[in-house]
Amino acid sequence: MTPKPFLSIEGVDMTFKRGSATTNVLKGIDLTVAKGEYISIIGHSGCGKSTLLNIVAGLTIATSGVVLLEDKVVDQPGPDRGVVFQNHSLLPWLTVYENVALAVDKVFSRTKSAAERREWVMRNLELVHMGHAKDKRPSEISGGMKQRVGIARALAMEPKILLLDEPFGALDALTRAHLQDQVMQIQNDLGTTVMMITHDVDEAVLLSDRIVMLTNGPSARIGEILDVPLARPRDRIKLATDATYLKCRQAVLKFLYERNRFVEAA
Ligand SMILES: Nc1ncnc2c1ncn2[C@@H]1O[C@H](COP(=O)(O)OP(=O)(O)OP(=O)(O)O)[C@@H](O)[C@H]1O
Ligand SMILES: [Mg+2]
């Protein structure tokens, strides 16, 4: 008997309506994700990646089809899905500590004491090496640090799945590499299930167990799913010359730039 999928996206279509204009963004998306799997969604700008992530997050309801997380229908946002957006979404008037505490207090108000919650906030900030900045406000820390706090906040809710929408997109290359390594380490240690959206081919290959490639919109579909059979932990320097790594990279590049070239929507 095959085990039941952890996350299951079944026949998801998404059509946006504005006045008389309708746009079919996603068409017939079927995807299952196993527990502990790191899955990336890649595709050209505007193809519907964020729309798909928002449907899994419960922020957008699909026009048809269903999303199941451990057999439970997803129809609203919930703490079992920790979302990190591309644009740092911290509350500017709260400190780093308070931003994480807000989520922790909400999720664990009944199950953890005040002291346990304080300790838990700090433990998650330490996980992303941000404990030292706990009393700073978002305006006082860098973009990379803000993303780390966003990741700590999502992880602190102990979600079943972490949903990352281009979490490193707005960062410079060095910070991005550093943060990718941290996320790989955390995922390795905690066994978190991750669904990540990215534009970046190297990022997708380095981090993922599987890469889901979306065709261009409108009516984007899953064009291909690529397995990334690279052992973990992964080392970006060693992989740069690894034959399997290069083969995966080539396959994604081919899909994006030969078979599904970006076409500017009219
Ligand atoms: N609320 C909405 N109402 C109408 N159209 C929308 C809405 N949200 C998204 N769209 C449209 O759906 C399409 C897909 O948008 P989406 O944000 O999912 O793309 P994306 O793949 O995440 O792009 P990017 O890589 O640029 O972030 C776009 O054409 C967009 O204009
Ligand atoms: Mg997007």
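Predicted, not measured: the structure shown is a model, and the values here were computed from it. Positions are given from 1, in the same order as the sequence printed here.
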Output the distance between atom [atom1] ([X]) and atom [atom2] ([Y]), rounded to the nearest 0.5 Å.
X	Y	atom1	atom2	answer
Arg148	Leu155	CZ	CG	13.0 Å
Leu190	Leu162	CG	CG	9.5 Å
Cys248	Leu253	SG	CG	11.0 Å
Gln182	Met184	CD	CE	11.0 Å
Asp200	Phe168	CG	CZ	10.0 Å
Met14	Ile29	CE	CD1	12.5 Å

So, does [X] use its side chain to make a donor-acceptor pair with the main chain of [Y] at under 3.5 Å?
X	Y	result
Asp209	Tyr38	yes
Thr215	Arg221	yes
Gln147	Phe85	yes
Arg232	Leu207	yes
Asp13	Lys27	no
Gln187	Thr192	yes
Asp30	Gly11	yes
Asp227	Pro229	no
Asn99	Leu91	yes

Taking atom NZ of Lys112 as the centre, does the number of heavy atoms from other residues, nucleotides or ligands within less than 6.0 Å exceed 12?
-> yes
In this structure, are over 12 heavy atoms from other groups packed under 6.0 Å from Arg18 atom CZ?
-> no
Grab the two heavy atoms, one from [X] and one from [Y], that are nearest each other, plus how far apart they are.
X	Y	value
Val205	Arg234	O-NH1, 3.2 Å
Val100	Ala156	CG1-CB, 4.0 Å
Thr32	Glu37	O-OE1, 4.4 Å
Ala154	Pro159	O-CD, 3.1 Å
Ser50	Asp165	OG-OD2, 2.8 Å
Ile151	Val84	CA-CG2, 4.0 Å

[X], [Y]: one ILVMFWY side-chain cluster at the under-4.5 Å cut-off?
X	Y	result
Ile41	Ile225	yes
Leu179	Val83	no
Val67	Phe6	yes
Val128	Trp120	yes
Ile161	Ile9	yes

Find out whether [X] and [Y] are in side-chain contact, i.e. whether some heavy atom of one side chain is under 4.5 Å from a heavy atom of the other.
X	Y	value
Val194	Val183	no
Glu203	Arg176	yes
Glu140	Val96	no
Leu90	Arg153	yes
Lys49	His199	yes

So Thr95 and Lys134, side chain to side chain contact (heavy atoms under 4.5 Å, CB included) or not? Walk me through it.
-> CA-CA 7 Å; Thr95 64; Lys134 70 178 176 54; over 6 Å; no
Taking atom types as modelled and ignoring hydrogens, do the side chains of Asn24 and Ser219 form a donor-acceptor contact shorter than 3.5 angstrom?
->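 Their side chains do contain a donor-acceptor pair, which is all the 3.5 Å distance test asks for.
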Taking only Lys NZ, Arg NE, NH1 and NH2, and the carboxylate oxygens of Asp or Glu, determine whether Arg236 and Asp202 approach each other closer than 4.0 Å.
->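 Here Arg236 does not pair with Asp202 in a salt bridge, since their nearest N and O are not under 4.0 Å apart.
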All pairs passing ring pair (Phe, Tyr, Trp, His ring centres under 6.0 Å) where residues 242-261 contributes a residue, at least two apart | His44-Tyr257
Could you please spell out the steps behind the side chain to side chain contact (heavy atoms under 4.5 Å, CB included) verdict for Ile55 and Leu26?
-> CA-CA 11 Å; Ile55 290 171; Leu26 297 171; 4.1 Å; yes
Determine, stepwise, if the pair Leu7 / Thr193 fulfils side chain to side chain contact (heavy atoms under 4.5 Å, CB included).
-> CA-CA 9 Å; Leu7 173 75; Thr193 310; over 6 Å; no
Let me see the working for Trp93 and Glu98 under side chain to side chain contact (heavy atoms under 4.5 Å, CB included), right down to the final yes or no.
-> CA-CA 9 Å; Trp93 58 90; Glu98 288 164 345; over 6 Å; no
Pairs meeting criterion side-chain hydrogen bond (donor to acceptor under 3.5 Å, both in side chains) with involvement of residues 57-76, two or more places apart =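 Residue pairs passing side-chain hydrogen bond (donor to acceptor under 3.5 Å, both in side chains), neighbours aside: Glu70-Lys160.
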